[in-house]
> 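Here it is, the structure in full.
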Amino acid sequence: MIGDPVLRLSEVGKGFHGTTVLDGVSLDVPQGQFVALVGPSGAGKSTLLRLVNGMHLPDSGTVRTLGENPAACSRSRLRALRARVGFVFQQFGLVGRLSALENVLMGSLATLRLPRYGVMSYPRALRIRAVEHLDRVGLADRRFQRCDTLSGGQQQRVAVARTLLQSPELILADEPVASLDPAASMVVLEILKRISAEDGISVVCSLHQVELALATADRVVALRGGRLVLDEPAAGLAAERLREVYETARAGSAQAGAGDAQRDGRVGARDG
Amino acid sequence: MLSAMAGWGPAMVSTTPATRAPATADPGPLRPPWSARALIAAGLLVAAVAVTWLTFWWIGLSPASLAAGLDDTARLLRRMWPPDLPRAGDVAWMIVETLLIAVAGTGLAALASVPLAFVAARTHKGPRRLRPPARAVIVLTRAVPTLAFAILFVRIFGLGPLAGALAVAVHSVGMIAKLLTDAVEEADPVPAEAARACGAGEVQVAVSSVLPRVFPALAGIVLYRLDINIRASAVLGVVGAGGIGVALQTALGSLNYHRAAGIICVIVVLVLLLELLSVTVRRTVLRPTVRRRTASRTSRRDLVGRDTGAAGRTAGDTTGTAALPGGRAPHDVGWDRGRVLRVAGAIATGVVFLVSLWSLDPDPGRLSGAWPNLRAVLTGMWPPAFSGDLLMAVLESLLMALGAAAVGAACGLVLALLTAVNTTPWRPLSAMVRVLLVVVRGIPDLVYALLFVAALGLGPYAGFLALWISSTALAAKFFADSLEQLDPLPHEALTSVGARRWQAFAAGIWPQFVPSFTGNGLFVADLALRESVVLGIAGAGGVGYLMQESIATLRYDTTAAIVIAIAVVVYAIETLARIARRHLL
């Protein structure tokens, strides 16, 4: 695996209900790189991320994640693959009624056999590790607080800690800061950046804020209307060029309905 | 991993508390502190298990008796086959009478509920002392089941649909008025303030400012109650209060099981058609709720503000264009399609209601004849005569209900997990269970009770089985509905973590589901309790039998005691459920 990219998409296409969402996208991500994925709503960012961990399967082209092809995996292989890939959601995906610690502990479920309910149903060693990860995101003192009483930024940090408990080799973040205020956004991105740099974990993070993308990422990839339109190192990239991606999208509103189709598709795909 | 983390400690910036222990040191507490929530949940679970065990002991339920019971039931079903349907004309008339009872009862209840709800609402600004009695009427009429009122009214008004319709009406008042009270209390107080500021009296404020705003809620509540009442009317005949139940009671009484099976089939088909109709209506009418509600509100506000000259706006106009359409006089209310349809609908509803009243045959001679009976009943009720037997019977009803609800909730949970789209292991299975549940729910509890009494003999055993079946079906529906409303994101997140199906359920869905599981479970217990009270009428144990007997033997003081005991128990359970729900959410 050494030298191989952590993630390789080749000519990937994906559509929902007849609407093309991704169209011939190719992308290689080497180990340890922080990739910012930018582009207007409906450009296919979420779909791309979901193709990587097999929550969606491509219509055409191939996806290789950590050397595996999600489309060819059996259910248990896919589960094992997902355990190695962290996923951070825009809306956190936390169970609001449970404590921060229990939500973090859920990140270890793939290594456990039986269903778990309650902090005490997890092994002590895992609880210690979970607290350490909560500490790493600065929330160790909030471990027994209900997640729905935490602020948005704190909730996202709990979600990041949950991902860390997976010991991921790749982290996918689907607009992790889109529902956060600027200060909280900075904190969450800084944590992701730090994890990437210090643990050598690749991060693919979709973002809307051009400035944040340029400040955090090693490399910026832009999607528009399901196509890859820009792929350059962040250093030296002019913010103007990234804004153009959004500007042209506004001019031609062909993607207006694509965002909805994508969302519908996600629901359908989960049911299936 | 650990070494990487150790390097993290001091490097962490703004997110880290100033004093941080290194990763190898004491991680702090790993055991969550005890919470009241966990204690209540554990308490409820222990209580449910204990009550179930006590119920099994009381009714003598064992694997052997259960097997024997199934055997007897199968034998009865064989004797009922093939069903013998009455003549089509008879069937049609029985169905129409059943529907008319429900319409008349619901209509009367709606008319009575409006003033009651306004007086009972916290926002009521009129005479203060009217409020407690209004609240008491709402609680009492809700606590005493329709069939209990039916027995009483058959005694007062004689056999027939009049007693049935009044029973339906009185019991419905409780629910309609309670829900309407909530709607009134939630309505924005500012328009009422404005009307008061214009010098309007309290009745005027209620009629012209509050009523239009709660009208959509009222219509929804009344339609929902009508649905329930049609089901209830189907079995009122068992105590002689008219409708299709009379034929069922006659058939069972004369041991004509083929005919009884035929009538049960008719009831089931009627209820299923109703279910289908209400689902269709809900799909077509309620989906664009927001727009329609705004539309009707706009138009009614226009009616109220007619003299200000704002009446020209068309009813379907939700865009807020205030301009008058060309060629319309300022006083023209605007007879467009929407208004014509609404007025026609209102007139049709009124006509149907009047026809239903007329069909009850309320001639003055009969009503005045009822007067002495009513006086005898009311004077005979004082003082209420409590006795040990009575309390034991109430306890038996309570045990039957709680035991059946506990077992039913457990079975219902399994069925719900099979049905809900986000938990079902296999889609076609979900559809099959769904259809089965609709059919099982379609048959009234009393019919189950009558069948089990015919198969297994008198006693609480038959009542428990009947309640168990209905509680299971009801719980399964409630649970499946609320499972489908849960936030899907945690489940998705856990899937992306690599969790197994059961792990993702236990960690991502179950914790979210606990409050609605508890709430709906308690609600099922509440409903089962009300039902258990009346099952005794069929001889299926509990206090219902005593109640029927006390009325038949003119011991109204006992009747009063039973009614009071039922009301107290139902109210107590309801209060407990409310407290538990509040602390668990």
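None of these values were measured; they are calculated from a predicted model.
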> For residues Ala506(B) and Tyr117(A), report the shortest heavy-atom separation together with the two atoms involved.
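Answer, listing the atom of Ala506(B) first, then Tyr117(A): O-CD1, 4.1 Å.
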> Could you look at Leu30(B) and say if it's the side chain, the backbone, both or neither that has a heavy atom under 4.5 Å from chain A?
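Both backbone and side chain.
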> Can you tell which part of Ser35(B) gets under 4.5 Å to a heavy atom of chain A, answering side chain, backbone, both or neither?
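It is neither, since no heavy atom gets under 4.5 Å.
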> Leu94(A) versus chain B, heavy atoms under 4.5 Å apart: side chain, backbone, both or neither?
backbone
> Testing the basics here: between Val95(A) and Pro490(B), what is the closest heavy-atom pair and its distance to 0.1 Å?
CG2-CB, 3.7 Å
> Measuring from Gln90(A):CD to Leu489(B):CG, what's the distance to the nearest 0.5 Å?
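Going from CD on Gln90(A) over to CG on Leu489(B), the span is 9.5 Å.
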> Quick one: of Gln154(A), Met120(A), Arg143(A), who has the most non-hydrogen atom pairs under 4.5 Å with chain B?
Arg143(A)
> What heavy-atom pair brings Ala507(B) and Tyr122(A) nearest, and what distance separates the two atoms?
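Ala507(B) and Tyr122(A) have their closest heavy atoms at CB-OH, 4.4 Å.
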> Roughly how far apart are Ser496(B) OG and Leu49(A) CG, rounded to 0.5 Å?
11.0 Å
> Is it the backbone or the side chain of Trp510(B) that comes under 4.5 Å from a heavy atom of chain A, or both, or neither?
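For Trp510(B), the contact with chain A is made by the side chain alone.
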> Non-hydrogen atoms of chain B under 4.5 Å away: do they reach the side chain of Gln166(A), the backbone, both or neither?
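Side chain only.
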> Under 4.5 Å, counting heavy-atom pairs only, tell me which of Gln512(B), Arg31(B), Arg500(B) racks up the most with chain A.
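Most pairs with chain A among the choices: Arg500(B).
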> Which atoms form the tightest heavy-atom contact between Ala110(A) and Gly498(B), and what is the distance?
CB-O, 3.3 Å
> Just so I understand: if I count every heavy-atom pair under 4.5 Å between each of Phe89(A), Phe87(A), Phe144(A) and chain B, which residue has the most?
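Looking at each option in turn, the highest pair count goes to Phe144(A).
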> Give, for atom CD of Gln503(B) and atom CZ of Arg116(A), the distance between the pair rounded to the nearest 0.5 Å.
7.5 Å
> Could you measure the distance from the CZ atom of Arg50(A) to the CD atom of Glu492(B)? Nearest 0.5 Å is fine.
4.5 Å
> Closest heavy-atom contact between Pro515(B) and Arg97(A)?
CG-NE, 3.2 Å
> Sort Leu114(A) into side chain, backbone, both or neither according to what part of it lies under 4.5 angstrom from a heavy atom of chain B.
backbone
